[in-house]
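First the structure, in the form of structure tokens, and then the observations on it.
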Amino acid sequence: MSIIGKVDSLWRYPVKSMRGEELDEAFAGFPGIYGDRVFAFRSSVNHNGFPYLTARDQRRLLQYRPRFRYPEKAARPVNLIEAESKNANPLSADLAELIVDVETPDGKTLAIGDPALIEMLRADIDQKHQVTLMQSQRAMTDCRPVSIFSLQSAQQLGEETGMPVDKRRFRANVYVDLTSAKGFAENELVGRSVRIGPKAVITILERDSRCMMITLDSDTGEQTPAILKKVAQAHDGMAGVYGAVLVEGMLRKGDSVELLD
């Protein structure tokens with residue numbers, strides 16, 4: 001076992017494709033990061049395998065800021081301390097306790113289920129998109145429950161493209177600062193497991209295949225195609241890794257990342 005880095009920052013995205021929120025601590029459970037992507041919008045235009053309305057369809061989604069109405073209930077499982085004392089899996093909050101309000105780009109605040117919000121999201125896009133709200137207790141991620149991306153990979157992509165590359169473009173849950181100076185060192189973790197902090201264990205399953213989402217500025221939605229082009233040409237179209245939680249536990253900013261096998 002060896003320490004290979006530390007947690008730089010933790011992020012979750014209460015509404016899929018909307019702005020993320022940085023956390024000092026987060027609960028990593030079997031379904032993913034607690035409170036991550038528990039809401040999404042379904043589009044009638046997109047296929048059943050991936051039905052979500054995302055910033056690929058409506059770039060302004062990235063400028064909407066969701067916030068949990070009851071942040072203390074959304075922070076961690078409601079019975080975490082009691083469950084851990086009995087070596088049991090904790091319970092999720094009721095869906096009604098994980099409700100979200102959304103601050104729009106023009107400063108208004110709307111409930112996630114407000115029809116006016118859906119009309120805003122449909123503005124300026126193909127009106128074939130019939131949009132409906134989805135809610136789930138598990139993270140509606142694209143692929144695996146947890147995504148991990150290193151600061152070194154963002155730095156290398158910046159050097160390769162000749163422009164600063166904001167790590168937030170990659171919408172990871174866990175950004176890590178690895179002891180290895182080279183970018184994309186997280187690729188070497190595929191098939192292995194890491195412990196983050198005192199308890200949580202995550203097995204790294206595969207590299208993260210990227211799409212045009214990483215070309216979009218996290219604040220403005222402006223597109224920079226050169227980033228995806230470089231990832232495609234130099235890194236097989238992949239950046240960062242996906243993992244699954246083997247042992248649930250709290251993650252905290254600054255936690256050590258320990259290679260277990």
Side-chain angles (χ1 to χ4, degrees), residues 11-21 31-69 74 92 95-96 98-147 149 168-173 206 208-225 227-229 231-232 237-240 242:
W11 290 75
R12 69 179 176 186
Y13 309 84
V15 182
K16 190 176 184 71
S17 230
M18 287 188 181
R19 186 165 294 185
E21 59 177 1
I33 298 299
Y34 197 74
D36 185 45
R37 296 171 171 96
V38 291
F39 285 95
F41 289 94
R42 180 195 302 272
S43 169
S44 60
V45 172
N46 296 332
H47 61 78
N48 288 334
F50 192 87
Y52 310 109
L53 181 80
T54 71
R56 282 170 284 198
D57 309 301
Q58 171 56 281
R59 292 186 195 177
R60 282 173 62 83
L61 269 169
L62 293 169
Q63 296 177 288
Y64 287 77
R65 186 187 300 274
R67 295 185 177 91
F68 285 103
R69 189 175 297 174
S92 295
L95 290 178
L98 294 178
I99 198 68
V100 163
D101 295 308
V102 178
E103 181 183 336
T104 68
D106 60 4
K108 296 179 181 177
T109 298
L110 300 173
I112 186 70
D114 193 323
L117 179 59
I118 287 180
E119 288 309 305
M120 287 183 181
L121 298 181
R122 294 182 69 233
D124 304 322
I125 62 173
D126 191 327
Q127 291 304 292
K128 292 180 180 178
H129 288 277
Q130 297 300 314
V131 178
T132 53
L133 180 64
M134 305 170 65
Q135 185 179 10
S136 173
Q137 283 188 329
R138 70 172 184 84
M140 290 181 277
T141 53
D142 287 357
C143 188
R144 308 303 180 192
V146 178
S147 54
F149 189 77
R168 294 179 300 157
R169 288 178 179 268
F170 299 88
R171 297 179 67 83
N173 297 122
E206 59 190 319
D208 190 340
S209 179
R210 293 298 180 168
C211 66
M212 66 86 68
M213 282 289 294
I214 67 172
T215 71
L216 302 178
D217 183 276
S218 300
D219 295 320
T220 67
E222 293 182 10
Q223 194 168 17
T224 307
I227 296 175
L228 181 59
K229 183 177 181 180
V231 169
M238 301 182 186
Y242 278 128

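Excluded from the calculations below are hydrogen atoms, water molecules and symmetry mates; all remaining heavy atoms, backbone and side chain alike, are included. Here the structure is a predicted model, which is why all the values come from computation and not from measurement.
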Enclosure of Arg138 CZ (heavy-atom neighbours >12, cutoff 6.0 Å): no

I need the minimum non-hydrogen distance between Met213 and Leu62, along with the two atoms involved. CE-CD2, 4.5 Å

Begin with the C-alpha distance, continue with both residues' side-chain angles, and end with the deciding distance and a verdict on side-chain contact (heavy atoms from CB on, under 4.5 Å) for Phe170 and Arg210. CA-CA 9 Å; Phe170 299 88; Arg210 293 298 180 168; 3.6 Å; yes

Smallest separation among heavy atoms of Gln58 and Leu121, with atom names: NE2-O, 2.9 Å

Go through the steps for Lys108 and Glu103 under the test side-chain contact (heavy atoms from CB on, under 4.5 Å), then give the verdict. CA-CA 6 Å; Lys108 296 179 181 177; Glu103 181 183 336; over 6 Å; no

Below 4.5 Å, heavy atoms only, C-beta onward: do Phe68 and Pro14 meet side chain to side chain? yes

side-chain contact (heavy atoms from CB on, under 4.5 Å) between Thr109 and Val102, intermediate numbers included: CA-CA 5 Å; Thr109 298; Val102 178; over 6 Å; no

CZ-OG distance between Arg122 and Ser43, expressed to the nearest 0.5 angstrom: 9.0 Å

Closest heavy-atom contact between Val100 and Pro66? CG1-CB, 3.6 Å

Over 12 non-hydrogen atoms of neighbours within 6.0 angstrom of CG in Asp106: yes

What's the spacing between Lys128 NZ and Ser44 OG if we round to 0.5 Å? 10.0 Å

Does any part of the side chain of Asp36, heavy atoms only, come nearer than 4.5 Å to the side chain of Trp11, both counted from C-beta? no

So which atom in Ile99 and which in Ile112 form the shortest heavy-atom distance, rounded to 0.1 Å? CD1-CG2, 3.7 Å

Sub-3.5 Å donor-acceptor pair from the side chain of His129 to the main-chain atoms of Val131, do we have one? no

Is it the case that Gln63 and Arg19 place a side-chain donor and acceptor less than 3.5 Å from each other? no

Using a 4.5 Å cut-off on heavy atoms from C-beta on, say whether the side chain of Asp142 contacts that of Tyr242. yes

Could you grab the distance from atom CG of Asp208 to atom SG of Cys143, nearest 0.5 Å is fine? 7.5 Å

Within the 4.5 Å heavy-atom criterion, are Arg65 and Met18 side-chain neighbours or not? no

Regarding Arg67 and Asp101, does a basic nitrogen lie under 4.0 Å from an acidic carboxylate oxygen? no

All heavy atoms of Ser147 vs all of Ala172, minimum pair found to be OG-CA, 3.3 Å

Should Glu206 and Arg144 count as side-chain neighbours, where that means a heavy-atom distance under 4.5 Å? yes

Please find the pair of heavy atoms, one from Leu95 and one from Ser136, that lie closest to each other, and give the distance. CD2-C, 4.1 Å

Does the plane of the ring in Tyr52 sit parallel, tilted or perpendicular to the ring in Phe50? Use 30° and 60° as the thresholds. perpendicular

Would you find a donor on one side and an acceptor on the other, under 3.5 Å apart, between the side chain of Asp114 and the backbone of Ala111? no

Let's go through Asp217 and Arg169 carefully: what are the C-alpha distance in whole Å and the side-chain angles of both, what is the deciding distance for side-chain contact (heavy atoms from CB on, under 4.5 Å) to 0.1 Å, and is it a yes or a no? CA-CA 6 Å; Asp217 183 276; Arg169 288 178 179 268; 4.3 Å; yes

Any side-chain heavy atom of Gln137 sitting closer than 4.5 Å to one from Tyr34? no

Side-chain touch Tyr64/Thr104, heavy atoms, less than 4.5 angstrom: yes

Tell me if the CZ atom of Arg42 is crowded by more than 12 foreign heavy atoms within 6.0 Å. no

Do Leu53 and Ile125 come within less than 4.5 Å of each other through their side chains, counting heavy atoms only? yes

With side-chain hydrogen bond (donor to acceptor under 3.5 Å, both in side chains) as the criterion, how do Thr215 and Gln223 come out once you've worked through the C-alpha distance, each side chain's angles and the decisive distance to 0.1 Å? CA-CA 5 Å; Thr215 71; Gln223 194 168 17; 3.2 Å; yes

